[in-house]
Amino acid sequence: MKKQFLAVLLISLSTFGFAQKDKQFRPPPQPVAAKGCEYARDIIRCTSDKIYKAAFQNLSSENIQEIINAAEKDTLKVSTKLRFTSKRNLYLHRTSIRFYEGFLRLDARINSNVPRLPFTVGHYAWLHEGNKYASSFNFRLLVDREQKTLLPLYDFDSEKRTKKKKVPNQFMQHPKCSAFSEYESLNKCFHEEVKKLIVSNFNSQAAKKAGVPEIVEVFIYIGYNEKGKRGGIDISHKHPFVVREIERILELLPNVKPATLHGTPRSWYGFYEIKFKI
C-alpha cells in the first residue's frame with residue numbers, strides 16, 4: 001500500500017519560456033503530463049490533481065500515520081525520478097524515492113519496486129543518454145496532524161509558478177480557432193490546425209524515396225511573439241528529411257492573435273506531438 005501511494009506521487013518540473021527564431025536555440029523540455037492534461041494552462045497542477053486522487057485511493061490510515069510520525073515539520077518534500085516506455089506507461093526510476101524536511105532527508109526511504117502508474121504520459125520528454133526519462137521533481141505535502149492526513153500543496157505552488165513564469169490566461173488564437181475562448185480549447189484547436197497543415201502539405205512521395213517510415217511521429221515546439229508572429233521552432237525526429245520538410249511547412253503558418261496575460265499580449269509557445277501516415 002505504501003509503495004502504491006508513493007508510486008503515484010509524481011510530477012515533473014515545469015519550464016516555461018519563449019525562444020527567439022534562431023536555429024541555435026533548444027527549447028526546454030515540456031512538463032510530463034497525465035493523459036488529459038496536455039492542453040491545460042498549468043500542466044503540473046492538472047497532473048498533480050490526478051496523482052493526488054490516485055494516491056489516496058490506495059493509502060490507508062496506517063500508512064498516513066506512519067509517514068506523519070516520521071516527520072517533525074509540517075511540510076514534506078518527496079523527490080524522485082521517473083521514466084516511461086515506448087507505450088508511455090510511467091515507471092519510477094530505480095533510484096529510491098526520498099523524503100525531505102527542508103534540506104534534511106528523512107530516514108523513510110522506499111525502493112522503487114512498483115507497478116506502472118495508473119495513467120500514461122501525454123507529452124514526450126527529452127532523451128537522456130539514449131533513454132527516455134522525465135526530469136527529477138519535487139512533490140510537496142502538508143502534514144495535517146490534527147486530521148491525520150497529508151494534503152497536497154499544489155494550489156500554492158500553481159499560483160506561485162504561473163505568476164513567476166507569467167503564464168498567459170489566454171492561449172494564442174489561430175485564425176481558424178475563433179469559435180473558442182478557453183485556454184485549453186484554444187491550445188487543442190491550435191494543435192489540430194498545425195496537424196492539418198502538416199498532413200496536407202507533407203511531400204509523401206519524396207519522403208518514401210528518402211526512406212522515411214510509413215508512420216511519422218514528430219514532436220514540435222512552436223513559439224509566437226507578443227505581436228502574434230511566429231518565432232522559434234524546434235522539430236524532434238531522427239530522419240533529416242522529416243525535419244527539413246516540416247520546417248518548410250511551418251513557414252506557411254499564419255500570424256495569430258497573441259497569447260495574453262490579463263489582457264496584455266505576450267510571447268508564448270506550444271509543444272505538440274504530430275502523428276500521421278504517409
Output yes when K195 and E192 qualify as a salt bridge under the 4.0 Å nitrogen-oxygen rule, no when they do not. no

What side chain to side chain donor-acceptor pair (under 3.5 Å) pairs are there with at least one residue in residues 197-212, not counting sequence neighbours? none

Among all residues two or more places apart in sequence or in another chain, which pass the side-chain contact (heavy atoms from CB on, under 4.5 Å) test with S178? Q173

Determine, for E245 against R248, whether the closest basic-nitrogen to carboxylate-oxygen distance falls under 4.0 angstrom. yes

Nearest 0.5 Å, please: how far is CD1 in I235 from CD1 in I246? 5.5 Å

Where is the tightest heavy-atom contact between S181 and S185, given as atom of each residue plus distance? N-OG, 4.0 Å

Taken to the nearest 0.5 Å, the spacing of K188 NZ from Y183 OH works out to 15.5 Å

Whether the side chain of N225 engages the backbone of K229 through a donor-acceptor N/O pair (distance < 3.5 Å, no angle test) should be reported. yes

Between Y221 and Y269 (judged by ring centroids, cut-off 6.0 Å), do the two rings come close enough to count as a pair? yes

At what distance, to the nearest 0.5 angstrom, does CG of L250 lie from CD1 of I220? 5.5 Å

Gap separating the CD atom of E182 from the SG atom of C189, nearest 0.5 angstrom: 13.5 Å

Are R145 and V143 close enough that some pair of their side-chain heavy atoms sits under 4.5 Å apart? yes

With rounding to the nearest 0.5 angstrom, report the NZ to CG distance, K166 to L261. 8.0 Å

Walk me through whether E38 and I43 qualify under side chain to side chain contact (heavy atoms under 4.5 Å, CB included). CA-CA 7 Å; E38 298 95 326; I43 293 175; 6.0 Å; no

Evaluate the ring planes of H239 and H237, with Trp represented by its six-membered ring, and classify them as parallel (under 30°), tilted (30 to 60°) or perpendicular (over 60°). tilted

Of the non-hydrogen atoms in P258 and R266, which two are nearest, and what is the gap between them? CB-O, 4.5 Å

dist L76:CG -> L142:CG (nearest 0.5 Å) comes out at 9.0 Å

Is R41 reaching over with its side chain to a backbone N or O of P168, donor-acceptor style, under 3.5 angstrom? yes

Can you find a heavy atom in the side chain of V216 that is under 4.5 Å from one in the side chain of K275? no

Start with the C-alpha gap between F219 and F271, add the side-chain angles, then the distance that decides, and say whether side chain to side chain contact (heavy atoms under 4.5 Å, CB included) holds. CA-CA 7 Å; F219 301 100; F271 271 115; over 6 Å; no

Check against side chain to side chain contact (heavy atoms under 4.5 Å, CB included), K148 and Q65: CA-CA 7 Å; K148 297 182 179 181; Q65 192 60 54; 3.6 Å; yes

Using the six-membered ring wherever Trp is involved, compare the ring planes of Y224 and F190 and label them parallel, tilted or perpendicular (cut-offs 30° and 60°). perpendicular

Look at the side chain of H191 and the backbone N and O of E273, then say whether any donor-acceptor pair between them is shorter than 3.5 Å. yes

Are V256 and L252 connected, step by step, through hydrophobic side chains (Ile, Leu, Val, Met, Phe, Trp, Tyr) whose heavy atoms are closer than 4.5 Å? yes

Are E214 and K277 within salt-bridge range, i.e. N to O under 4.0 Å? yes

Non-hydrogen atoms of T149 and I68 that approach each other most closely: N-CD1, 3.7 Å

Under a 3.5 Å threshold, yes or no: a donor from one side chain and an acceptor from the other, between Q170 and T260? no

Using a 4.5 Å cut-off on heavy atoms from C-beta on, say whether the side chain of D42 contacts that of V167. no

Specify the closest pair of heavy atoms between E226 and P265, including all atoms of both residues, with the distance to one decimal. O-CB, 3.4 Å

Assess the residue pair I274 and V194 against the criterion (side chain to side chain contact (heavy atoms under 4.5 Å, CB included)); give the C-alpha distance rounded to whole Å, side-chain angles, the decisive distance to 0.1 Å, and a yes or no. CA-CA 8 Å; I274 309 291; V194 170; 4.3 Å; yes

Taking it one step at a time, do N187 and Y272 satisfy side chain to side chain donor-acceptor pair (under 3.5 Å)? CA-CA 10 Å; N187 194 353; Y272 303 114; 2.7 Å; yes

Below 6.0 angstrom between ring centroids: does that apply to F276 and F202? yes

